[in-house]
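Below, read A as the first sequence line, B as the second, and so on, with proteins coming before strands; counting in each chain starts at 1.
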Amino acid sequence: MTITAPPRPPAEAPPPPRPSAGRRLTGRLLALWRRLTAMRTAIVLLFLLALAAVPGSLLPQRSLSQTNVRQYFADHPDLAPVLDRLYLFDVFSSPWFAAVYLLLFTSLIGCVVPRAVEHARSLRAAPPAAPRRLLRLPDSGEVTTPLEPGAALDVVEEELRVRRYRVVRRDGRDGPEVSAEKGYLKETGNLLFHLSLIALLLGLAGGKLWGYEGSILVTEGQGFCNSFQQYDTYSAGPLVDSGDLSPVCVDLEDFRAEYEPDLTASKFTADITYGAPGEEGRPTTIGVNDPLRSDGDRLYVTGHGFSPTFSVTLPDGTAITDVSVPFLPSDQRTMASEGALKLPDVGAESDEQLALEGFFAPTGLVQGGILTSVDPRPLDPQVAIVAYQGYLGLDSGLPQSVYSLDASQIERGRLAEVGAANLSLGESLTLPDGTVVTFSGFQQFAALQYSHDPGQVWVLVSAIALLTGLLGLLLLRRERVFARVAPAPTGGGTVLTLASLTRGSGESGPRFQALSDELSAALAARAAARTRAPQPEVPPRDS
Amino acid sequence: MTPDQSLLDLSDTFFSVAVALYSVALVSFCAQLAFGRRPARTRELVAAGGVATPTGGADEAPTAERSRRGERWGLIAIGVTVLAALAHAAVLLCRGLATDRLPWGNMYEFATAVVLVAVVVYTVLAVRSPALRHIGVFVLAPVVLGMVGIGLFLYVEGAPLVAALRSSWLGIHVTAAILGFGIFLVSGIASVLYLVRVKDEAKPVEEQGTGFVSRLPSSAALDRLAHRTAVFGFPIWTFAVIAGAIWAESAWGRFWGWDPKETWSFIAWVIYAAYLHARTTAGWRGRPAAWVNVVGLVVMVFNLTFVNLVSSGLHSYGGV
Ligand code: HEM
């Protein structure tokens, strides 16, 4: 396939004597615009876009995992800040990534809009007149027939119409001729494809601007409402007004994980109730691959885990019963989990704070004093805990993970280890000062994610349109067929000159051969019918 | 359910059988090249028939004899390839029956299926246009290497799927990805051969190679093969990416998140789009376009191997 680009004036045409500065500027801009909207530029920009996406997959990205980025900073203290200044940890929201795709889309618009206008015009216009020297076209040939010119052209016209060509007949300078065209849909597909790309980008941008997402760990029996204060982490587009979040509250009633005999997780389901705050909630069940969709919002289960519960009895007899804390799974196959329980205000009379750091095994196995988990199902839950007393550093101003203790306080000796034990359900650890810590039970939690993306449907529709356009563009052919008749130089009959121009993938040669064979056959059939005049007319072939 | 062990063993046996048969086919294709006559030197136009057919000049007797022997080897090679592909399909069929699920739930099965698609696409094309049998070696050599690599490095026992993969989108998204990848594989090989052939054709006739290279189909035919397969593969790949996004919306809570696999699929898509553009743009036609296609294939392979094995993304639960 070839693109026959309209001849363009050279970018730097010799300027007429002393054009005004404004003229010159316009000229420059026009040249720049032409350069930008050339296909060659589009190819280069496509490459740049691909290239620009590469660091986004090779370096950790904040949008995917803050933890990995922090880890990278810790591992490469010199390099990381430099990379960060180049937005290499936020590639897909960086100015230079945006610059590439905005240029590409400007180029695309500049290229597609004029084509769309031209296409609209050509849809209404008749197929163009035949070129003068038909035999110069790559696919062309001559057929002679005993029919007279007008009748021969009639046959050609009929046959082309049957094949769904748009046909016009003209009396050209070089004799009566027919121009036919079909495959307008190819160009329509092309335009649809490229315009859908633009629509898709707009949908993506809209979703980013007005969308938000919040994540939270919810233990069975608890719930949350859709507001940024409640989420463990959230992200929101710049145009989201936190007052506008849909008023929804969700309670987790029950969470179940099911396993195959080989302990592959087969199903996670969460029974929830949801509804407006203060309203009686509607019950439903969500699971992996099966989120709750309601009013353009979605609620997902993205993970699960166990929250062991502890009871603590202080030396003075004060009891804190059944505090449950989520432990994060460190191994999805066995659900071995790690976490920490921080009790900053345990005693009225002392400013000693208490903390437990621990390991939870839904089915524990102790070997040589080390607890491991052997099964993701809670068949024999056990914990390995280390108890600390001292200063937790919670009010130090630095943010802390809720799942681990601040190691720097331990290093500085402000937080001291005071005991350690492996406990089964109901067992206790007594600390030197008489505090008793009991592993009193466990619950399951679900990691829930609440999402709102107003661009999503728009993006889906654009994607479907894009694919439709692409199929039309790639599978259809645009063909022009020209025919001209002239009386045969020797005696009666006609010389029919045929030619075709094909735009689109595939080989045009055999198709042209087939078409001209069929036309010859039709001409011969008509000629035969004429000579057998008394017989009823041969019905036109329908093919 | 617990997978049926005897069926799994049968699947593994078929894998070995397929590799063995592919090797036999490879040797037969070699024999075809060695004994066959090379296609005429005449630089045919982009002629009828889709693929250039060798048109012999003055056929001396020994040449004709050689040619017939070569042709016979070519037929044997195609026949063995078909048998091998049947064994190859049986690998997946037995896996699927044993585990009662679609047999593309992990990287071993996915890669095996991709190679099968490539073989089937090539075989169909080669049956239809005999000139393409001359490139059998260059298709089957990567196939054998790929299969051995898959067997050595990616093998995993048949097992049930993890929860996230239990969705009808597995059948839609992954099947499309396998088809697209397999087709691009053939396209990429054609472009590599095109680059080799074009270099040879550019030399003056006396200096042109007389070995394997001269027995390849014409560069125009190779270019057409590469383009036609890419045109076929591109919408399928586009569909695979879109279906992946739709699945991600229900499985991962967003339809697009620049996860490494998503990013590289996008990069591959952009590169194939660039190839289709380059093929129609003056100044990029021919060698530059072919290089773009080769880069596209490299990206596809990188996306399968490096991204699965080295980077950690949401796709990694596919299992290695
Ligand atoms: C993300 C960006 C783009 C993608 C993915 C894309 C994709 C495509 C594809 C797949 C084709 C079909 C090629 C064929 O018919 O073999 C095509 C055709 C075309 N594209 Fe693009 N395109 C993009 C950007 C652009 C831009 C920026 C321009 C304008 C500068 C452009 C202009 C064209 C034209 C003129 C054709 C028609 C080629 C023909 O039918 O002869 N495209 N595009």
Side-chain angles (χ1 to χ4, degrees), chain A residues 1-3 5 38-40 42-44 46-47 49-51 53-54 56-58 61 63-64 68 91-92 138 204 207 213 215 257-258 260-262 264-268 287-291 298 300 302 332 449 451 453 456 459-460 463-464 466-467 470-471 474-475 505-507 509-510 513, chain B residues 1-3 46-50 159-164 166-167 169 224 227-228 231-232 234-235 238-239 242 245-247 249-264 266-268 270-271 273-274 276-285 292 299 307 311-313 317:
Chain A
M1 173 181 37
T2 49
I3 288 187
M39 275 279 279
R40 223 176 282 197
I43 297 176
V44 172
L46 279 173
F47 264 110
L49 187 67
L51 210 60
V54 171
S57 81
L58 299 182
Q61 296 295 300
S63 60
L64 293 176
N68 290 357
V91 165
F92 302 107
L204 277 176
E213 192 177 284
S215 308
E258 290 167 31
E260 296 286 349
D262 73 343
T264 306
S266 62
K267 204 167 162 193
F268 302 119
V288 179
N289 279 316
D290 185 19
R298 287 117 52 215
Y300 299 90
T302 56
Q332 290 292 339
Q449 176 188 314
S451 306
D453 184 345
Q456 182 166 305
V459 169
L460 179 63
I464 293 170
L466 180 146
L467 190 58
L470 185 61
L471 288 174
L474 292 177
L475 301 182
S505 46
E507 297 79 42
Q513 195 56 47
Chain B
M1 66 166 269
T2 311
V46 182
L161 291 179
V162 298
R166 299 189 182 203
S167 158
W169 287 104
R224 230 173 308 128
H227 180 238
R228 271 188 354 185
V231 162
F232 185 36
F234 188 66
T238 309
F239 176 72
I242 294 175
I246 297 175
W247 190 4
E249 193 267 342
S250 59
W252 298 335
R254 80 288 181 294
F255 64 87
W256 194 270
W258 297 109
D259 169 74
K261 185 100 292 167
E262 291 171 343
T263 306
W264 283 97
F266 169 77
I267 293 174
V270 167
I271 290 180
L276 294 185
H277 276 89
R279 195 65 188 20
T280 67
T281 305
W284 281 81
R285 246 171 256 147
V292 177
V299 168
V307 173
S311 45
S312 69
Y317 55 38

> Measuring from Leu471(A):CG to Phe234(B):CZ, what's the distance to the nearest 0.5 Å?
Replying inline: 11.0 Å

> Relative to chain A, which segment of Phe255(B) carries a heavy atom at a distance below 4.5 Å: side chain, backbone, both, or neither?
Replying inline: side chain

> What's the verdict on side chain to side chain contact (heavy atoms under 4.5 Å, CB included) for Trp252(B) and Val288(A), showing C-alpha distance, side-chain angles and the deciding distance?
Replying inline: CA-CA 8 Å; Trp252(B) 298 335; Val288(A) 179; over 6 Å; no

> Taking Gly56(A), Ala265(A), Gly287(A) one by one, which has the highest count of heavy-atom pairs under 4.5 Å against chain B?
Replying inline: Ala265(A)

> Which heavy atom in Ile271(B) sits nearest to a heavy atom in Ala50(A), and how many Å separate them?
Replying inline: CG1-CB, 4.2 Å

> How about Trp247(B) and Asn289(A): does a side-chain donor come under 3.5 Å of a side-chain acceptor?
Replying inline: yes

>> What I'd like to find out is whether the side chain of Val44(A) reaches to under 4.5 Å of the side chain of Trp284(B), using heavy atoms alone.
In response: yes

>> Give me the atom names and distance for the closest heavy-atom approach of Ala53(A) to Thr263(B).
In response: O-CG2, 3.5 Å

>> Within this structure, what is the OG-CD1 distance for the pair Ser57(A) and Ile267(B), rounded to the nearest 0.5 Å?
In response: 5.5 Å

> What part of Gln513(A) lies closer than 4.5 angstrom to a heavy atom of chain B: side chain, backbone, both or neither?
Replying inline: neither

>> Restricting to side-chain hydrogen bond (donor to acceptor under 3.5 Å, both in side chains), what partner residues turn up for Glu258(A), sequence neighbours left out?
In response: none

> Do you know the tightest heavy-atom contact between Val231(B) and Leu474(A)?
Replying inline: O-CD1, 3.7 Å

> Taking all non-hydrogen atoms of both residues, which atom of Ala273(B) and which atom of Leu46(A) are closest, and how far apart?
Replying inline: C-CD1, 4.4 Å

> Checking side chain to side chain contact (heavy atoms under 4.5 Å, CB included) for the pair Leu161(B)/Thr264(A): CA distance, chi angles, key distance, verdict?
Replying inline: CA-CA 7 Å; Leu161(B) 291 179; Thr264(A) 306; over 6 Å; no

> Distance from Thr238(B) atom OG1 to Leu467(A) atom CG, nearest 0.5 Å?
Replying inline: 6.5 Å

>> Heavy-atom pairs under 4.5 Å with chain B: which of Leu51(A), Val54(A), Leu460(A) has the most?
In response: Val54(A)

> Of the listed residues (Ile464(A), Val459(A), Asp290(A)), which shares the most heavy-atom pairs with chain B below a 4.5 Å separation?
Replying inline: Val459(A)

> So which part of Phe266(B) gets closer than 4.5 Å to some heavy atom of chain A, the side chain, the backbone, both or neither?
Replying inline: side chain

> Any idea which of Gly253(B), Pro235(B), Ala274(B) has the most non-hydrogen atom pairs under 4.5 angstrom with chain A?
Replying inline: Gly253(B)

> Of all residues at least two apart in sequence or in a different chain, which pass the side-chain hydrogen bond (donor to acceptor under 3.5 Å, both in side chains) check with Arg298(A)?
Replying inline: Tyr300(A), Gln456(A), Glu249(B)

>> At a 4.5 Å cut-off on heavy atoms, which part of Trp264(B) comes close to chain A: side chain, backbone, both, or neither?
In response: side chain

> If you take all heavy atoms of Ser250(B) and Pro291(A), which pair is closest and at what distance?
Replying inline: O-CD, 3.8 Å

>> Taking the side chain as everything from C-beta on, heavy atoms only, tell me whether Ser451(A) gets closer than 4.5 Å to Arg254(B).
In response: no

> Which atom names give the shortest non-hydrogen contact between Trp258(B) and Leu64(A), and what distance separates them?
Replying inline: O-CD1, 3.4 Å

